[in-house]
Amino acid sequence: MVGEQLYGFQKINGMMEMLKSPVMRTLSIRQLLAMNYISRSSKLTRVGERIYMNTFTPYFPSEAYERYVAGIVKTVNGQPTPVMMNFAVTANCICNCWHCSFADRTKKNQLTIGELKDAITQVQELGTSMIGFTGGEPLLRSDISEIISLVGKKSMSLMFSTGFGLTRGKVRELKDAGLGIPVVSLDHYNADIHDRRRGREGMHATAIKAIEMYQAEGMYVAVSFVPDHELISNPEELYKTLDFFKSLGVNDMRLTSPILSGHLNDRPEEKLSAADVKRVNEVQKFLVKHKGYPACFAYDVFESEKFYGCGAGFHFIFVDSAGNVCPCDFCSVTLGNMRERPIRDIWTEYSGIFRAPGCSCYANRISRPIADLHTAVRPLTVDQSKEIIRTCPTFTRGTVPKFYKKMGFNWGENPK
């Protein structure tokens with residue numbers, strides 16, 4: 001494993017270091033306790049001079065980290081900020097994953113590097129401190145290193161990839177371009193099962209090779225892990241997979257439950273059961289507690305009412321490969337296209353509607369209403385999207401997830 005996981009006094013010392021940052025000094029005692037509430041459920045890893053918490057927080061110290069905390073505070077104070085966002089830089093992909101959220105997108109052209117440069121400038125002016133690059137398969141773009149270099153120091157960059165076509169030279173290019181965290185898709189210890197779920201033979205070996213190449217360059221590496229009901233409901237197989245990640249020396253893991261979007265939009269049976277979600281919570285606690293296992297950000301844990309809730313359209317936005325600005329990667333609704341309206345204007349509209357975080361995944365909540373429209377066009381038109389949002393509100397007035405409640409969330413005047 002690259003770096004050293006911090007436990008006991010080492011973790012306390014690491015947290016004390018982070019408290020010394022200029023922006024943390026501006027927080028009230030109440031807000032500091034709220035931040036500590038998140039830290040207790042997270043694992044810290046020191047890599048050189050950097051301290052990593054998870055793939056949803058910029059490493060410390062960095063300008064991105066300062067902007068991240070400042071963005072959270074602004075959001076809490078009634079000024080919704082797109083703290084995090086993802087760009088789908090291409091729709092092209094070598095896989096056909098069973099859970100792919102991008103599979104039903106209608107227009108699959110890609111943004112030019114000029115358009116991406118302008119878009120990144122716009123979102124950073126809005127306060128974005130974390131920018132992820134996804135697809136499709138980002139490594140299919142020959143200019144992906146140049147794209148990542150556009151981010152600079154204002155945000156921490158991530159890249160979500162299968163590892164396809166990666167070379168040691170490309171890893172060095174990505175590192176030199178400023179890639180903060182490479183995230184590699186890996187779903188099982190068994191190669192045949194992983195390859196079958198990804199729809200292409202050899203992807204398991206490809207993922208392992210990619211992890212090893214990133215580690216050889218001293219990079220903090222995460223895996224994107226999407227377990228299905230069958231794996232989650234089999235503790236022996238599930239923990240074998242977690243042991244496998246430990247054996248690879250993986251630093252971090254995004255545990256993303258199957259979300260009813262793309263290939264799964266009309267397959268509600270794929271959604272994890274209450275018992276499955278309970279086990280996901282157990283996995284989160286297990287990984288944080290035990291040294292040597294990867295840190296973990298489990299969506300079912302942190303996007304619940306117990307922590308951040310769902311930030312789609314509230315502190316998160318997604319721009320697909322055709323320029324549609326959506327609440328998140330999994331929500332097939334949009335309020336506009338960056339090729340027709342500036343992102344800042346579209347975000348202003350989002351922040352007036354997605355006024356507070358929800359207490360459950362919004363993509364799952366709107367899956368049925370979208371399926372009932374019986375249209376093959378994704379994302380929906382702006383008018384259709386607004387109607388879905390009207391009939392399925394994004395939040396409940398007076399109710400916010402625990403983290404925001406602890407932070408002293410300000411509802412402001414007459415929220416819509």
Side-chain angles (χ1 to χ4, degrees), residues 18-28 30-39 42 51-87 119-133 150-158 178 180-181 297 302-303 307-319 325-329 342-358 394-395 400-412 415:
M18 297 169 80
L19 285 174
K20 294 177 182 178
S21 79
V23 70
M24 291 293 279
R25 292 176 184 173
T26 68
L27 270 57
S28 66
R30 176 179 186 171
Q31 291 171 333
L32 288 172
L33 290 173
M35 299 292 280
N36 182 60
Y37 170 69
I38 297 295
S39 297
S42 305
I51 296 176
Y52 291 82
M53 180 180 291
N54 54 47
T55 58
F56 278 81
T57 308
Y59 58 78
F60 171 87
S62 66
E63 182 180 350
Y65 179 82
E66 301 294 318
R67 285 165 50 84
Y68 169 80
V69 178
I72 292 293
V73 172
K74 282 179 62 179
T75 298
V76 166
N77 289 333
Q79 304 174 61
T81 301
V83 179
M84 295 169 274
M85 74 157 303
N86 286 342
F87 285 101
I120 289 169
T121 298
Q122 287 189 56
V123 297
Q124 287 183 329
E125 287 175 352
L126 290 169
T128 299
S129 57
M130 297 190 68
I131 299 178
F133 297 102
L150 298 173
V151 174
K153 296 182 178 180
K154 289 184 178 180
S155 310
M156 184 183 79
S157 60
L158 303 91
I181 301 179
F297 189 103
F302 286 101
E303 289 202 341
F307 288 94
Y308 296 111
C310 178
F314 172 68
H315 62 228
F316 190 98
I317 52 171
F318 168 65
V319 178
V325 183
C326 307
C328 81
D329 306 44
I343 294 179
R344 63 180 69 91
D345 292 349
I346 299 172
W347 173 255
T348 297
E349 191 168 358
Y350 270 116
S351 63
I353 298 173
F354 289 68
R355 177 63 185 76
T394 64
F395 63 92
V400 292
K402 197 169 183 177
F403 169 75
Y404 282 100
K405 186 175 182 179
K406 284 178 173 289
M407 286 286 287
F409 183 78
N410 181 0
W411 281 96

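No experiment lies behind these values; they were computed from the predicted model shown.
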With a 4.5 Å heavy-atom cut-off, do Lys406 and Arg30 have their side chains touching? no
Holding to side-chain hydrogen bond (donor to acceptor under 3.5 Å, both in side chains), I want the full list of residues that pass it with Thr57, two or more places apart in sequence or in another chain. Asn54
Decide yes or no on side chain to side chain contact (heavy atoms under 4.5 Å, CB included) for Met84 and His315, but give the supporting numbers first. CA-CA 6 Å; Met84 295 169 274; His315 62 228; 3.7 Å; yes
Check for a donor-acceptor pair, side chain of Arg67 on one end and backbone N or O of Ser129 on the other, with a separation under 3.5 Å. no
Quick one: closest heavy-atom pair of Val151 and Ser157, and the distance? CG2-CB, 4.2 Å
Could you walk me through whether Met35 and Met18 satisfy the side chain to side chain contact (heavy atoms under 4.5 Å, CB included) test, starting with their C-alpha distance in whole Å, then the side-chain angles of each, then the deciding distance to 0.1 Å, before giving a yes or no? CA-CA 11 Å; Met35 299 292 280; Met18 297 169 80; over 6 Å; no
Quick one: CD on Glu125 to CD1 on Ile120, what's the gap to the nearest 0.5 Å? 12.5 Å
With sequence neighbours left out, what residues match Glu63 under salt bridge (Lys or Arg N to Asp or Glu O under 4.0 Å)? none
ring-ring contact (aromatic ring centres under 6.0 Å, His included) involving Phe314 - partner list, sequence neighbours excluded: Tyr404
Going by side-chain contact (heavy atoms from CB on, under 4.5 Å), name the residues that satisfy it together with Leu19, two or more places apart in sequence or in a different chain. Met16, Met24, Leu32
Of all heavy-atom pairs linking Ala356 and Val400, the shortest is CB-CG1, 4.5 Å
Could you check whether any side-chain N or O of Thr26 sits under 3.5 Å from a backbone N or O of Pro22, counting only pairs where one atom can act as donor and the other as acceptor? no
What residues, two or more places apart in sequence or in another chain, satisfy side-chain hydrogen bond (donor to acceptor under 3.5 Å, both in side chains) together with Thr81? none
All side-chain contact (heavy atoms from CB on, under 4.5 Å) counterparts of Pro61, not counting sequence neighbours: none
Identify, with sequence neighbours excluded, every residue that meets side-chain contact (heavy atoms from CB on, under 4.5 Å) alongside Ala70. Val23
Can you name the one residue among Phe307, Phe302, Phe297, Tyr308 that meets ring pair (Phe, Tyr, Trp, His ring centres under 6.0 Å) with Phe56? Phe297
Run Lys153 and Ser62 through side chain to side chain contact (heavy atoms under 4.5 Å, CB included) and show every step you take. CA-CA 8 Å; Lys153 296 182 178 180; Ser62 66; over 6 Å; no
What distance do Asp329 atom CG and Phe87 atom CZ have between them, rounded to the nearest 0.5 Å? 11.5 Å
Can you name the side-chain contact (heavy atoms from CB on, under 4.5 Å) partners of Ser351, sequence neighbours left out? Pro80, Trp347
Out of curiosity, Met53 CE to Ile38 CD1, how far, rounded to the nearest 0.5 Å? 8.5 Å
Can you pull out every side chain to side chain donor-acceptor pair (under 3.5 Å) where at least one residue sits in residues 70-79? Sequence neighbours excluded, please. none
Which pairs pass ring-ring contact (aromatic ring centres under 6.0 Å, His included) with one or both residues in residues 57-76, sequence neighbours excluded? Tyr52-Tyr59, Phe60-Tyr65
Is any side-chain heavy atom of Ile131 closer than 4.5 Å to a side-chain heavy atom of Leu150? no
How many angstroms lie between atom CE of Met156 and atom OG1 of Thr55, to the nearest 0.5 angstrom? 7.5 Å
Which one of Cys328, Cys326, Pro82 satisfies the side chain to side chain contact (heavy atoms under 4.5 Å, CB included) criterion with Phe316? Cys328
Nearest-0.5 Å distance, CD1 of residue Ile181 to CE of residue Met130: 6.0 Å
Mind checking whether Ile343 and Ile317 have side chains closer than 4.5 Å, heavy atoms only? yes
Residues two or more places apart in sequence or in another chain: which of them pass side-chain hydrogen bond (donor to acceptor under 3.5 Å, both in side chains) with Ser155? Gln124
Using the test side-chain hydrogen bond (donor to acceptor under 3.5 Å, both in side chains), find all partners of Tyr350 that sit at least two apart in sequence or belong to another chain. none
Run the side chain to side chain contact (heavy atoms under 4.5 Å, CB included) check on Cys310 and Phe354 step by step: do they pass? CA-CA 10 Å; Cys310 178; Phe354 289 68; over 6 Å; no
